[in-house]
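What follows is one structure encoded as structure tokens, with my remarks underneath.
Computed from a prediction, not measured in an experiment: that's the story for all the values here. Letters go in sequence order (proteins before strands), and every chain restarts at 1. Any value given below was found using the heavy atoms of this structure, including those in side chains, with hydrogens, waters and symmetry copies removed.
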Amino acid sequence: MADITKRSEDYSRWYQDVIAAAELAENSPVRGCMVIRPNGYAIWESMQRQLDDRFKELGHVNAYFPLLIPKSFLAKEAQHVEGFAKECAIVTHSRLMTVVRDGKVTVEPDPASKLEEELIIRPTSETVIWNQYRKWIMSYRDLPLLINQWANVMRWEMRTRLFLRTTEFLWQEGHTAHATAEEARAETLQMLECYRWFAEDILAMPVVCGAKTPRERFAGAVETFSIEAMMQDNKALQAGTSHDLGQNFARAFDVKFQDAAGGQDYVWATSWGASTRLIGALIMCHSDDNGLVLPPRIAQRKVVIVPIWRNDDERALVMAKAAELRAALRPVAGLVHVDDRDNMRPGWKYGEWERKGMPIRIELGPRDVAEDKCVLVTRHDGQKFPTPLAGLAEAVAGHLERMQSELYAAAVARRTANTHRLETWGEFLALYNGAGGFAHCHHCGQDACEAAIQDETKVTIRNIPLGTPNEAGACIRCGQPSGRRVLFAQSY
RNA sequence: CGGGGCGUAGCGCAGUCCGGUAGCGCACCUGGUUCGGGACCAGGGGGUCGGAGGUUCAAAUCCUCUCGCCCCGACCA
């Protein structure tokens with residue numbers, strides 16, 4: 001087993017090593033695409049289930065729209081096409097033909113099958129969805145329309161990194177239509193709050209909610225909001241976005257409704273998404289030099305029992321007890337895995353479950369069975385707790401809660417320690433030439449100034465945090481007047 | 001697309017400068033002894049050395065071209 005590179009040594013190597021060691025994902029034959037292995041997909045399933053339940057509680061329903069979009073659709077919203085045109089995969093033919101080239105049989109697109117209108121593989125689905133909404137929305141009684149879809153999308157990025165940025169990725173995209181601007185804005189903020197809840201309560205990852213600057217706004221949005229998390233290398237990661245689309249897409253796709261008074265207006269839209277990038281965020285927020293660390297609420301399997309034996313009698317004894325415990329833990333920890341492989345010794349299994357991020361490991365041997373106890377080990381801190389079997393379920397439930405809150409607390413503490421209020425450009429440069437982190441600073445709001453900061457330092461305005469008080473100040477870089485602070489960081 | 005590194009067994013690597021019948025560790029298979037933090041002994045299987053050309057009696061090694069991966073930058077959820 002290859003060692004995991006230390007975070008302090010090479011952070012991005014560490015990140016890749018953790019993914020490999022925990023068997024989460026690997027590169028595919030197609031550059032930029034990833035194979036999500038069962039351990040990685042289990043995390044995604046857990047994310048899907050919990051987000052989907054929440055979306056439905058908030059009144060949304062799921063639907064599915066096609067992968068392929070007519071090329072012309074993308075051109076209908078001017079900002080939108082500008083934002084996505086450079087990263088679209090295009091379908092041009094509908095079949096292949098075998099040909100012989102230099103004595104070798106190969107396949108090529110059949111020229112006779114060239115499509116009249118080329119198709120785009122969706123980079124996002126606003127256009128197909130709004131094309132359908134035109135047919136579905138006639139009156140205010142059809143509103144609001146609250147639809148989500150779980151799908152894959154493609155964006156042909158130049159440089160990719162497993163989970164953080166892949167050519168194809170999995171996500172959910174909510175697309176809602178409303179009768180008023182106020183209602184659309186409320187929906188946008190409600191879904192931002194939904195992502196905040198998911199990141200903080202489920203992933204134990206603190207985030208900053210805020211509005212994007214115009215330059216960082218989604219292509220076609222009136223306003224974009226994001227949640228921004230801090231990774232262990234002090235860089236920011238945008239972990240979810242929620243967009244107020246105004247009437248832009250309704251105009252582009254001619255989606256009007258009639259109100260109660262008989263007047264006509266374009267509908268107001270939102271869209272919001274979170275992707276498999278969240279898995280990357282999870283890894284970089286909590287994991288350590290021994291491998292993956294998963295907060296219990298997102299771990300599909302939370303407990304593994306490692307039985308220990310020396311002979312068949314002991315094996316029978318310990319396995320019977322393990323089966324009993326498995327049943328007893330079901331209500332508090334879900335499906336418990338009993339690692340009964342007999343071709344490796346316990347020590348090996350301990351290491352393996354640590355790499356894979358299993359929250360709790362229960363060691364159970366003949367001595368334990370004789371004494372009606374076991375050894376319980378929590379992944380995030382490596383602590384061992386001799387635990388009586390009588391109260392095991394309660395103990396496990398307690399440890400799971402403790403892990404969840406300690407992981408969150410540790411992430412908050414790390415973020416607090418690396419978040420600063422800066423007043424001068426010198427301080428700003430010092431921070432980002434050094435440790436980096438989050439910086440709350442005044443900014444003039446000028447796009448050129450924001451661009452200059454990015455050019456000079458790779459630092460961007462992550463967002464303008466919600467609830468930021470008005471406060472007179474001078475722009476961190478140019479000194480022009482500023483009305484409030486914004487959040488700066490280097491980001492993924 | 002620019003700069004840097006690298007492609008040899010499933011993984012990690014040596015061998016390349018100086019051409020001569022492909023090796024090491026781990027993993028894997030069989031048998032035995034083991035089993036409370038990464039066991040040990042014995043035996044065994046597995047690679048046309050990223051690909052294509054070329055030079056040569058002979059190429060992992062030299063030459064040309066190509067493909068891919070990783071890191072840094074530009075693009076981005």
*Sticking with atom P, work out how far C1(B) lies from A59(B), rounded to a whole angstrom.*
34 Å
*May I ask you to say what D368(A) touches in the nucleic acid, namely base, sugar-phosphate or nothing, with a heavy-atom cut-off under 4.0 Å?*
base
*Which one is paired to G7(B), where only Watson-Crick or G-U wobble pairs with both distances under 3.5 angstrom count?*
C67(B)
*Heavy-atom side-chain proximity of N234(A) to Y11(A) below 4.5 angstrom*: no
_Could you tell me how far apart M344(A) (CE) and G37(B) (C1') are, to the nearest whole angstrom?_
15 Å
*Results of side chain to side chain contact (heavy atoms under 4.5 Å, CB included) for H93(A) - residues two or more places apart only*: P109(A), S113(A), K114(A)
*Partners of V91(A) by side chain to side chain contact (heavy atoms under 4.5 Å, CB included), sequence neighbours excluded?*
L68(A), L115(A), L119(A), I121(A)
*Which nucleotide, in any strand shown, forms a Watson-Crick or G-U wobble pair with C13(B), with both distances under 3.5 Å?*
G23(B)
*Just name whichever nucleotide pairs with G45(B), Watson-Crick or G-U, keeping both distances under 3.5 Å, else none.*
none
_Contact residues, residues 215-231 of chain A to RNA chain B [heavy atom, < 4.0 Å]_ = none
*asked:* For the C1' atoms, the ones on G47(B) and on C13(B), what distance do you get once it is rounded to whole angstrom?
replied: 14 Å
*Quick one: label W309(A) by what it contacts on the DNA or RNA (base, sugar-phosphate, nothing), any heavy atom closer than 4.0 Å.*
base
_Span that lies between the C1' atom of U61(B) and that of G50(B), in whole angstrom_ = 16 Å
*Spacing between I305(A) atom CD1 and G36(B) atom C1', to the nearest angstrom*: 16 Å
*Would you check, one step at a time, whether the test side chain to side chain contact (heavy atoms under 4.5 Å, CB included) holds for F253(A) with F73(A)?*
CA-CA 9 Å; F253(A) 286 87; F73(A) 277 26; 4.2 Å; yes
*Are F163(A) and L24(A) close enough that some pair of their side-chain heavy atoms sits under 4.5 Å apart?*
yes
_Quick check on side chain to side chain donor-acceptor pair (under 3.5 Å): which of H175(A), E187(A), E126(A) does S271(A) satisfy it with?_
E126(A)
*With C1' as the reference atom in both, quote the distance from C70(B) to G32(B) in angstrom, rounded to an integer.*
44 Å
_Using a heavy-atom cut-off of 4.0 Å across all strands, would you classify L164(A) as base, sugar-phosphate, or nothing?_
base
*Examine U34(B): is either OP1 or OP2 under 4.0 Å from a nitrogen or oxygen in the side chain of R345(A)? Give yes or no.*
no
*asked:* Closest approach to the side chain of W348(A), judged atom by atom: which nucleotide of C70(B), G38(B), C35(B) is it?
replied: G38(B)
_Rounding to an integer number of Å, can you tell me how far I19(A) CD1 sits from C70(B) P?_
11 Å
_Residue pairs, two or more places apart or on separate chains, that pass ring pair (Phe, Tyr, Trp, His ring centres under 6.0 Å) and touch residues 206-227 of chain A_ = H80(A)-F218(A), F84(A)-F218(A), F218(A)-H243(A)
*asked:* In this structure, how many angstroms lie between the P atom of C28(B) and the CG atom of N343(A), rounded?
replied: 7 Å
_Rounded interatomic separation in angstrom, taking CG from L364(A) and P from G37(B)_ = 15 Å
*Please identify each residue that fulfils side chain to side chain contact (heavy atoms under 4.5 Å, CB included) with S28(A), with sequence neighbours left out.*
V30(A), C33(A), V35(A)
*asked:* Rounded to whole Å, please give me the gap between CZ in R310(A) and C1' in C40(B).
replied: 18 Å
*Who pairs with C1(B) - Watson-Crick or G-U, where each distance is under 3.5 Å*: G73(B)
*Distance between the P atoms of A14(B) and A52(B), in whole angstroms?*
24 Å
*On RNA chain B, check which nucleotide each of V30(A) and T241(A) is closest to and give me the residue with the more 5' one.*
V30(A)
*Counterpart base for U55(B), defined by Watson-Crick or G-U wobble contacts under 3.5 Å*: none
*Does any N or O donor sit under 3.5 Å from an N or O acceptor when you compare the side chain of K384(A) with the base of G37(B)?*
yes
*Going by the side chain to side chain donor-acceptor pair (under 3.5 Å) test, which pairs reach into residues 360-376 of chain A, not counting sequence neighbours?*
Y350(A)-E363(A), E354(A)-R361(A), R361(A)-E363(A), D368(A)-K373(A)
*With sequence neighbours left out, write down each residue that passes side chain to side chain donor-acceptor pair (under 3.5 Å) with T378(A), or none if nothing qualifies.*
D381(A), R402(A)
*asked:* Judged by each residue's nearest nucleotide on RNA chain B, which is more toward the 5′ side, W156(A) or W353(A)?
replied: W353(A)
*Expressed in angstrom and rounded to an integer, what is the separation of R341(A) atom CZ from C28(B) atom P?*
11 Å
_Need the pair for U61(B). Rule: Watson-Crick or G-U wobble, both distances under 3.5 Å, any strand; none if unpaired._
none
_Counting the atoms with a prime plus P, OP1 and OP2 as sugar-phosphate, which does E157(A) contact under 4.0 Å by heavy atoms, base, sugar-phosphate, or nothing?_
base
*Under the salt bridge (Lys or Arg N to Asp or Glu O under 4.0 Å) test, residues paired with R315(A) that sit two or more places apart*: D342(A)
*asked:* Between G37(B) and E352(A), counting only base atoms on the nucleotide and side-chain atoms on the residue, is there a donor-acceptor pair under 3.5 Å?
replied: no
*Just checking Q172(A): base, sugar-phosphate only, or nothing, at a heavy-atom cut-off of under 4.0 Å?*
nothing
*asked:* Rounding to an integer number of angstrom, what distance separates C11(B) and G53(B) when you compare their C1' atoms?
replied: 32 Å
_Taking only the C1' atom of each, what is the distance from U64(B) to U21(B) in whole angstrom?_
27 Å
_I want to check one thing: is the phosphate of C70(B), taken as OP1 and OP2, less than 4.0 Å away from some side-chain N or O of N27(A)?_
yes
Could you list the protein-to-nucleotides 71-73 of chain B atom pairs, N/O on both sides, closer than 3.5 Å?
| residue | atom | partner | partner atom | Å |
| --- | --- | --- | --- | --- |
| C71(B) | OP1 | Q16(A) | NE2 | 2.9 |
| C72(B) | OP2 | R159(A) | NH2 | 2.1 |
| G73(B) | O3' | K458(A) | NZ | 3.4 |

*Should G36(B) form a Watson-Crick or G-U wobble pair with both distances under 3.5 Å, which nucleotide is its partner?*
none
*Is any side-chain heavy atom of M284(A) closer than 4.5 Å to a side-chain heavy atom of L164(A)?*
yes
*To the nearest Å, how far apart are E23(A) CD and C11(B) P?*
13 Å
*Write down the distance separating the C1' atoms in G23(B) and U8(B), rounded off to the nearest Å.*
10 Å
*Between Q50(A) (side chain) and R297(A) (backbone), is there a donor-acceptor pair under 3.5 Å?*
yes
